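Beneath this line is the structure, given in structure tokens, with notes to follow.
Labels below follow one simple rule: chain letters A, B, ... track the order of the sequence lines, proteins then strands, and each chain is numbered from 1. In what follows, every heavy atom counts, from backbone to side chain, and hydrogens, waters and symmetry copies are set aside. Nothing here was measured: the structure is a model prediction, and the numbers come from that model.
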Amino acid sequence: MEKVLFDCDYTTVDGKAVIRLFYKTKNGWEIERDENFTPYFYAIPKTDASELEKDLRGIEDVLKASVLEKNSVKGPVNVVRVETSHPAKVPSLREFVGELPSCATVMEADIPFHRRYLIDKQLIPMQGVEEFNPTIAAFDIEVYLPHGSIDVKRDPVTMLSYADNRGVSKVAVLKEKKILDDPRVEYIGSEKKLLEKLGQWVKEHDVDILVGYNTDNFDVPYILERAEINKTNIILGVDDSPIRLKQAGMNKESYIKGRQHVDLYSVVRQLFNIPRYRLEDVYEEIAGKEKKDLELDEMNSYWASGKPEDFQQLVDYSISDVEACITIANTVIGLHYELSRIVGQPLGESSRMGSGMRVEYFLMRKAFTQNILVPNKPVQGVVGDRLGNPVKGAFVVDPDKGIHDNILLFDFRSLYPSIIISHNVDPAMLDCDCCTKEEANTSPNGHRFCAKRKGFISTVLREIIEKRIEIKGKMKKEADPQKKKIYDVQQQALKILANSAYGYYGFAMARWYSRECAASITGWGRKYIHETIEDAEKAGFQVIYGDTDSVYLKYPKDIPLKEIEEKAITFMKDVNKKLPEAMELEFEGSYPRGVFITKKRYALIDGEGKLTVKGLETRRRDWAEIAKKTQEDVLNAILKDKNPEKAANIVKATIERVKSGKVPLDELVIHTQLTRKIGDYVAEGPHVAAAKKAMKEGGQDFGDGSMISYIVTSRPGKKIGDKAEIIENVKEGEYDSDYYINNQILPAVMRVLEALDYSEDELKGKGKQMSLGDW
DNA sequence: TACCAGAGGAG
DNA sequence: AAATCCTCTGGTA
């Protein structure tokens, strides 16, 4: 690999767009230019393409108009390719062309120019980047906040920290005089110079990928505002351009030319399923250990005091943040190199895409190679119609509530992707003329898909799945752990893409949206799970539970486990014989014991004694830790120790502890997210009430998306909301014991204990004694 | 008691 | 800017 493509954009020279490609080579950055790529789109004729072509000739801004054939959903069509000189001219020109009497519509006029270039030239960013061993650096700012609130106009940046994957860690501070002997600290008297340090460091260390945590929405906007106040620029681009901030819906995105900026916050939110996404939470999830943390008032007093020991705390904290970012980057960046390659767009852009956009750019790239016309993005009214017309989803079995022993779990491997490729589920294959009713793949809801040709989307999905199998095979054989890791990341990326295909068909903003496809996929899914349940029952199994693509079974008679397993294998083989070739029911494992509460809420213990909990409070972030922990202990007592008495004692002891008033607030805090602006709530729950109070009294600002961490206090009030206060405003011990006993611990544990009634023989009558009154 | 809004999980 | 199904709480009438 001679060079790696990092970025693509265009500049304007004499009114003409010039593409720039940013390559990293062994000798540094190289910018290649292409002056010969012109913006274009397709005009679709009402009737005759040559008539439309004639109408287009001589129109101002039309450089060239030529008839050519493209493949549409309805088959080959003649279209007119319209070229113009500059991307900025496209919006007005496409409107004008679209209004011509001979023109039905325009297509592919809504693809950003630099992305269009990468697609048309089939260039792949990040190809071979691993061999280059790129320099990844993290940055972070601290602001001294003596006023308790943050005001970018008033409060300067006091610290700027930096760490990279070469072992450099340092921090620039807004203090003139040396305080510490720590060689990592640079003392800088002016904020202007402090801000400029970022650009100097990035250049000095020749950073390839700059990362941060929530840098899009905090650090970069803050730095840019402070830079403006200080009349300076934040030069980070390899062409010496400043970092650029873009409004993207509700959020901001920031981009650097050439070297790529990745905000790990958005990356991590997609990749990990954890209750909270603060930097320390994510670091703990990855590293398995806690990160140094400081409270806001500690930070303020340490900065104000200026004592060496206090200042050292600040330095350590600030550096621990950027070092944590490097740890996170090291674990997630490989997958994002791969996603950038699959999506075919620069890392900075692909890392900020959701699943829908990723699928779309992947499909657009494939469509180009097959001369397929890319459908337009839907207009607002169409999006509204799609949203107002949801697609029926999966089937969930009402569980046989209570305790069960010797449970077997089966599930369909990649159910939805395998349905798509097995039945050729593709918008272009819908209701074809070439197949009779009998010949076509007819979905349970009556949609017919061609059985003679193969759809473009169903085919690329098949290729993805086959590629993944091939890579997994190579991965297994590979001995070198580093190469193994790369294969693993490749197969993960393909899995992510394949699993997004169904969601994409039902995504209201999708170009290739297809209600018929989405409904057919879930329709087939429901059919297969229903048939599997029937077959299991016919084979003598009891179906305890099932959801979408999984079934939990048990054999009701008391026969040896070995015989049950044999019957299970026979059942599975029979099911698989009937299934299309790409589909497969797999045996996932067995569980000695489980308790099923309701749909999507149950717990299982495996052969090693490991507890799996689904949907119950233990798994929810909007329940207090004390309720979650007690529920988990009770589940273990029942499923692992088979000892309901122990469960009862756990609950009694916890309640005593709560009553004593000595439970730390950490175990009582409830985390609930604001999912809209505070003024937009019709119903005011406790978290909203707590947030409102804190905003009124403390001058804090909780916007859309903020996590509210509150305590139900012992303060007077009728509603729970009256007693709810954000944790920062509550003293230890100031909590409402009755609330935590009656509304947190008891509901959580009783849900589990009440299920015991279903197997009284095992409980030897003890279940009956455990009612709410006994406590 | 019945109903709604809201949150967050499962697959 | 991927989808739907589902349970449960707190507030209100």
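The distance between atom CG of Leu674(A) and atom P of dA5(B), rounded to the nearest whole Å, is 19 Å. Atom CD of Gln247(A) and atom C1' of dA1(C) are 14 Å apart (whole Å). One atom, CD1 of Ile274(A), and another, P of dG9(B), lie 11 Å apart when rounded to the nearest Å. As a whole-Å value, the separation of Arg511(A) CZ from dA1(C) P is 14 Å. Between the C1' atom of dC8(C) and the OH atom of Tyr602(A) lies a distance of 18 Å, rounded to the nearest Å. Rounded to whole Å, atom P of dC6(C) lies 17 Å from atom CG of Leu616(A). Between Asp622(A) atom CG and dC8(C) atom C1' the separation is 9 Å, expressed in whole Å. Between the CD1 atom of Ile708(A) and the P atom of dG6(B) there is a distance of 15 Å, given to the nearest Å.
Nucleic acid contact class of Gly615(A) (heavy atoms, under 4.0 Å, all strands): sugar-phosphate only. As judged by a 4.0 angstrom heavy-atom cut-off over every strand, Arg352(A) is placed among residues touching the sugar-phosphate backbone only. Note on Gly503(A): a base of the nucleic acid sits closer than 4.0 angstrom, heavy atoms only. Note on Ser500(A): nothing from the nucleic acid sits closer than 4.0 angstrom, heavy atoms only.
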Under 3.5 Å, which protein N or O atoms sit close to an N or O of nucleotides 2-4 of chain B? Give each pair with its distance.
none

Check nucleotides 9-13 of chain C against the protein and report each pair of N or O atoms closer than 3.5 Å, with its distance, or say if there are none.
| residue | atom | partner | partner atom | Å |
| --- | --- | --- | --- | --- |
| dT9(C) | OP1 | Arg751(A) | NH2 | 3.4 |
| dG10(C) | OP1 | Tyr739(A) | OH | 2.9 |
| dG10(C) | OP2 | Asn743(A) | ND2 | 3.4 |
| dG11(C) | OP1 | Gly721(A) | N | 3.1 |
| dG11(C) | OP2 | Ile720(A) | N | 3.3 |

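There is a side-chain donor-acceptor pair under 3.5 Å between Tyr552(A) and Tyr602(A). Residues His261(A) and Ser254(A) have side chains that bring a donor and an acceptor to within less than 3.5 angstrom of each other. In the model, Tyr513(A) has no side-chain atom that pairs as donor or acceptor with a side-chain atom of Arg386(A) under 3.5 Å. Between the side chains of His114(A) and Glu349(A), at least one donor N or O sits under 3.5 Å from an acceptor N or O. Counting only N and O atoms by type, the side chains of Arg341(A) and Gln490(A) include no donor and acceptor under 3.5 Å apart.
For Met357(A), taking side-chain heavy atoms from C-beta onward, the closest of the listed nucleotides dG6(B), dA1(C), dA10(B) is dA1(C). Here the side chain of Lys599(A) is nearest to one of dC6(C), dG8(B), dG6(B), namely dC6(C). Which of dA10(B), dA5(B), dG9(B) sits closest to the side chain of Arg620(A) comes down to dG9(B).
A donor-acceptor contact under 3.5 angstrom links the side-chain atoms of Ser355(A) to the base of dA2(C).
Considering only residues two or more places apart in sequence or on other chains, Tyr255(A) meets the side chain to side chain donor-acceptor pair (under 3.5 Å) condition with Glu253(A). Listed by chain and residue number, Arg515(A) satisfy the side chain to side chain donor-acceptor pair (under 3.5 Å) test with Asn389(A) (two or more places apart in sequence, or in another chain).
Within the structure, every side-chain polar atom (N or O) of Arg601(A) is placed at least 4.0 Å from both OP1 and OP2 of dG9(B). In this structure, Lys600(A) does not reach the dC6(C) phosphate: none of its side-chain N or O atoms is under 4.0 Å from OP1 or OP2. A close approach under 4.0 Å does occur between a side-chain nitrogen or oxygen of Arg676(A) and OP1 or OP2 of dG6(B).
Every pair passing salt bridge (charged side-chain N to carboxylate O under 4.0 Å, His left out) that includes a residue from residues 541-550 of chain A is listed here, sequence neighbours excluded: Asp547(A)-Lys600(A).
The aromatic rings of Trp512(A) and Tyr504(A) lie tilted to each other, with the angle between the two planes from 30° to 60°. Between Phe449(A) and Trp524(A), the angle of the ring planes lies from 30° to 60°, which puts this pair in the tilted group. A tilted orientation is assigned to the rings of Phe587(A) and Phe410(A), their planes being inclined by 30° to 60°.
The local environment of NZ in Lys366(A) is sparse, with at most 12 non-hydrogen atoms from other residues, nucleotides or ligands closer than 6.0 Å.
Put simply, the residue from Lys628(A), Lys629(A), Gln631(A) that forms a side chain to side chain donor-acceptor pair (under 3.5 Å) with Thr618(A) is Gln631(A).
Looking at which nucleotide of DNA chain C each of Met509(A) and Ile597(A) is closest to, the 5′-most match is held by Met509(A). Toward the 5′ end of DNA chain C lies the nearest nucleotide of Tyr502(A), the other residue of the pair Tyr502(A) and Asp398(A) mapping further downstream.
Less than 4.0 Å separates DNA chain C from at least one heavy atom of each of the following residues of residues 384-397 of chain A: Pro390(A), Val391(A), Lys392(A), Gly393(A), Ala394(A), Val396(A).
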